[in-house]
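Encoded as structure tokens, the structure appears first; notes follow it.
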Amino acid sequence: MTKIQRVDDFVSVYDRYRLEVEEALGSGFCINTEIETKLYDAMSYSLFAGGKRFRPVLLMLIYDSLDGSQQLRPATMKMALALEMIHTYSLIHDDLPSMDNDDYRRGQLTNHRQFDEATAILAGDALLNRAYELLFEVSLEHGPSAVRASAAIAHFAGANGMIGGQIIDLDSEGKHILIERLEELQIKKTGGLLRAACAAATHMALGDQEHVSEDARSRILGLLDAYGICLGLAFQIQDDILDVTSDLDQMGKTVGKDARDIKSTFVSMLGLDGAIERLDLERKKTEDICENLALEGINSQHLYSLAEWQMKRKN
Ligand code: GRG
């Protein structure tokens, strides 16, 4: 099998995408000042607090790797922004006293600590609703591919995806769970929105490529879903590693909380060395998937570099 070539300066590639996402987010159509001031302030406080923009970058990077058309690119970017808004709502709600009860996120006070609990709940709800409004707009304008992409985002963000993972997480606190249960939890919770990005990008990019057969389309969807799962596990393992090796300044959020909250993590279950080994296993699986994508005629260099980059991230 052909070995995937690394991209030399992937950091600049990532930064180029991140900047594009940042500009689109700030252009005013995600949330606008017609909203009640208090709500607008709370929504924009978290949405514009930075963050890696990993999910929208992933979506756009896959779209471009699959040779998605220039014509559908702005609509695909709208979906990527919707995904970042769903991610931001999930962080606001995750930080609430009834969930993880966190004081810092993205290098600043959490939403409920800056405003109050009720406002934080509503800001999260409003970001979620605005995200679906954007997905409906794109679906109305672009038909079946956009509907499939939007449905995939709804699925992976919902009860069988991120929210499903969150309830397992809350339910597992203070309990001994098996490693298989931890994997299921994280594939759903952290992997949910990454799988959403993979599926949405694939539907949008391949929807109008008539030369791609139905068989090839479903193989590519399957490979990219497997890529999203590996990426989700790797993302979480790296997060668990950073939770014991990093600090608040570097991470922008409280560290060392997993042990305090008696949470099962890859580090608590496998030890630090075991977690690092497991991370390398996910890297190898990602490499295999990218090689298989290359056999489908897809340039998967950026996808492999993204996976490697995120496994080495420091925040
Ligand atoms: C409340 C419905 C609901 C779900 C919450 C994903 C999630 C579910 C909570 C986040 C908890 C957490 C800290 C998980 C670890 C991995 C993760 C998703 C980190 C946050 O994502 P990053 O690192 O954050 O991409 P930035 O700020 O860079 O966007």
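All ligand and atom numbering here is 1-based and tracks the order in the structure.
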Would you say ligand 1 has an N or O under 3.5 Å from any N or O of [X]?
X    : answer
T190 : no
R55  : yes
R313 : no

Side chains of D240 and Q236: is there a donor and an acceptor less than 3.5 Å apart?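 Judged by distance alone, the side chains do pair up.
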Quick one about R73 and Q70 (side-chain donor to acceptor, distance below 3.5 Å, no hydrogens or angles considered), yes or no?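 Short answer, no.
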Taking atom 7 (C) of ligand 1 as the point of reference, which of K52, K189, R105 owns the nearest heavy atom?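 The residue whose heavy atom sits nearest atom 7 (C) of ligand 1 is K189.
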Which option wins on minimum heavy-atom distance to atom 3 (C) of ligand 1: H87, Q186, Q166?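 It is Q166 whose heavy atom sits nearest to atom 3 (C) of ligand 1.
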Provide the number and element of each atom of ligand 1 under 4.0 Å from a heavy atom of [X].
X    : answer
Y89  : 2 (C)
R106 : 26 (P), 27 (O), 29 (O)
D239 : 15 (C), 16 (C)
I163 : 2 (C)
H93  : 1 (C)

Would you call E137 and R130 a salt bridge, using N to O less than 4.0 angstrom?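 Salt bridge between E137 and R130, a charged N being under 4.0 Å from a carboxylate O: yes.
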Please state which part of D94 comes within less than 4.0 Å of ligand 1, counting heavy atoms only: side chain, backbone, both or neither.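 D94 to ligand 1: contacts from backbone and side chain alike.
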Does ligand 1 have a heavy atom under 4.0 Å from the side chain of L91, from its backbone, from both, or from neither?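 Within the 4.0 Å criterion, L91 contacts ligand 1 through side-chain atoms alone.
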Which residue, M99, M162, M85, forms the side-chain contact (heavy atoms from CB on, under 4.5 Å) with S90?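 Single side-chain contact (heavy atoms from CB on, under 4.5 Å) partner of S90 among M99, M162, M85: M162.
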I298 pairs by side-chain contact (heavy atoms from CB on, under 4.5 Å) with which of L224, I220, N292, I62?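 For I298, the side-chain contact (heavy atoms from CB on, under 4.5 Å) check succeeds only for I220.
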Quiz: residues 114-126 side-chain donor-acceptor pairs under 3.5 angstrom, not counting sequence neighbours:
| unit_1 | atom_1 | unit_2 | atom_2 | d |
| --- | --- | --- | --- | --- |
| D116 | OD1 | A118 | N | 3.2 |
| D116 | OD1 | T119 | N | 2.9 |
| D116 | OD1 | T119 | OG1 | 2.8 |
| D116 | OD2 | T119 | OG1 | 3.1 |

Quick one: are Q301 and F10 in side-chain contact, heavy atoms under 4.5 Å?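 In short, these two side chains do not touch, never coming nearer than 4.5 Å.
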Looking only at protein heavy atoms, which one is nearest to atom 19 (C) of ligand 1, and how far off is it?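 Heavy-atom neighbour on the protein nearest atom 19 (C) of ligand 1: F235 CE2, 4.0 Å.
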Checking a contact table here: which protein heavy atom is nearest atom 13 (C) of ligand 1, and how many Å away?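 The protein heavy atom lying closest is K253 NZ, 3.4 Å.
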Quick one: pull up NE2 in H302 and CG in D64 and give me the separation to the nearest 0.5 Å.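 So the NE2 of H302 and the CG of D64 are separated by 9.5 Å.
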Could you tell me which non-hydrogen atom of F54 sits nearest to which non-hydrogen atom of L306, and how far apart they are?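 Here F54 and L306 meet closest at CE1-CD1, 3.7 Å.
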